[in-house]
**Student:** 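Let me begin by handing over the structure; questions about it come next.
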There are 2 protein chains.
Amino acid sequence: MSYATRQREVILGILRQASQPLTAQEIRERANQNRTGIGLATVYRALKIFMAQGEIAQVEIPGTAPCYEPTDRGHHHHFICQHCRQVFDVQGCVRDLEKLAPQDFQVERHDITLYGFCANCVEGHEQPETK
Amino acid sequence: MSYATRQREVILGILRQASQPLTAQEIRERANQNRTGIGLATVYRALKIFMAQGEIAQVEIPGTAPCYEPTDRGHHHHFICQHCRQVFDVQGCVRDLEKLAPQDFQVERHDITLYGFCANCVEGHEQPETK
DNA sequence: CCGAATACGATAATCGATTCTCAAATTCAG
DNA sequence: CTGAATTTGAGAATCGATTATCGTATTCGG
């Protein structure tokens, strides 16, 4: 009912090798760096299939196009660099988040997004400590 | 350089009276419930002006159109009902969020978004405790 | 009150993300 | 290998959010 194709392998491979969530565009660009053209439509078709299979998940970051990442990375959150706009994975979490919601509300899940400057962009922006 | 108009008063009033952040569409709908037509373009023009003045801020929620809320509500976060899709303000916060980021990263701000069912929608969905 | 500056409303235009279309290419069961 | 089912790529089409256009209406200093 579904064929295994070179393109889908490439797309899934790119997502797995990436250290950050990627947008559909970024996936296409990386796919085309090496081999021949993979169409954007194909990327979206593959993403839809992989999401249906639970292989990957969409990460929606305000102000950025939706990103995708493998689901096998466990519970984590994201850091967005205000300078280079890259999205980084952040391990770890905090407890007691559910307690923030009003009592009658039922919290199913949560997202934490940190904004700031990544290691590469810290220099020159908002110097951390002019020690 | 900028005229005070009935429309802008209405728009700002709606945002201030609302208990939740509102989308441009929602603002227009509420404005038109009572009086005569306020165009969507006018809503966007007013929002842009109020944001430039620091009166209101944009709240970007993945999967929802951008919302707007007054800036005088202090530090808080948001809860999105997975059923009715409404956005609720959540008071309070957690500490030590900065510690989640890698050491070389500089955290400037953060967003916490809770997802689940609001008080009105809990019944019938994922019953909390079939006690 | 007058008139220039500014804002309005309706709608068309734009924008970025995503989906659709369709002929050609690929996959894979037999 | 063969052919039916599926997928692909390129570009057109669509979608929702936002912005631009433009003739008319409103604001407000003098």
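Every chain is numbered from 1, with letters handed out A, B, ... down the list of sequences.
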**Student:** Give the residues of residues 40-57 of chain A touching DNA chain C, defined as any heavy atom closer than 4.0 Å, sorted by residue number.
**Tutor:** A/L40, A/A41, A/Y44, A/R45, A/K48
**Student:** List for me each residue that meets side chain to side chain contact (heavy atoms under 4.5 Å, CB included) alongside A/A119, sequence neighbours excluded, and say none if there are none.
**Tutor:** B/D104, B/F105
**Student:** Could you see if A/M51 belongs to whatever hydrophobic cluster contains A/L12? Use Ile, Leu, Val, Met, Phe, Trp, Tyr and a side-chain cutoff under 4.5 Å.
**Tutor:** yes
**Student:** From the list D/dT18, D/dA17, D/dT7, which nucleotide is the closest neighbour of the side chain of B/A65?
**Tutor:**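 Selected nucleotide (nearest to the side chain): D/dA17.
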**Student:** The helix from C/dC1-D/dG30 to C/dG30-D/dC1: angle between its terminal axes, five pairs each, to 10°?
**Tutor:** 30°
**Student:** With sugar-phosphate meaning primed atoms plus P, OP1 and OP2, does B/Q25 contact a base, only sugar-phosphate, or nothing at under 4.0 Å between heavy atoms?
**Tutor:** nothing
**Student:** When clusters are formed by joining ILVMFWY residues with side-chain heavy atoms under 4.5 Å apart, either directly or through shared neighbours, do B/L97 and A/L100 land in the same one?
**Tutor:**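 Yes, B/L97 and A/L100 fall within the same hydrophobic cluster.
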**Student:** Would you grab the first and last nucleotide of DNA chain C (5' to 3') that comes under 4.0 Å of any non-hydrogen atom in chain A?
**Tutor:** C/dA17 to C/dC28
**Student:** Hey, is the main chain of B/G74 close enough, under 3.5 Å, to the side chain of B/H76 for a donor-acceptor pair?
**Tutor:** yes
**Student:** If the plane angle is over 60° it's perpendicular, under 30° parallel, otherwise tilted; pick one for A/H110 and A/H75.
**Tutor:** perpendicular
**Student:** Quick check: do A/V10 and A/I27 have side-chain heavy atoms less than 4.5 Å from each other?
**Tutor:**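 No, too far: nothing below the 4.5 Å cut-off.
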**Student:** Apply side-chain contact (heavy atoms from CB on, under 4.5 Å) to A/S2 and A/R8, showing your working.
**Tutor:** CA-CA 11 Å; A/S2 179; A/R8 288 183 194 164; 3.3 Å; yes
**Student:** Name all residues meeting the side chain to side chain contact (heavy atoms under 4.5 Å, CB included) criterion together with A/Q7; count only those two or more places apart in sequence or in a different chain, and write none if there are none.
**Tutor:**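 With sequence neighbours excluded, A/Q7 shows a side chain to side chain contact (heavy atoms under 4.5 Å, CB included) to A/T5, A/I38, A/T42, given in chain and number order.
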**Student:** For B/R85, which residues count as a side chain to side chain contact (heavy atoms under 4.5 Å, CB included) partner, sequence neighbours excluded?
**Tutor:** B/T64, B/I80
**Student:** Just to be sure I understand the rule, does A/S2 reach a base, reach only the sugar-phosphate, or reach nothing, if contact means heavy atoms closer than 4.0 Å?
**Tutor:**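 Touches sugar-phosphate only.
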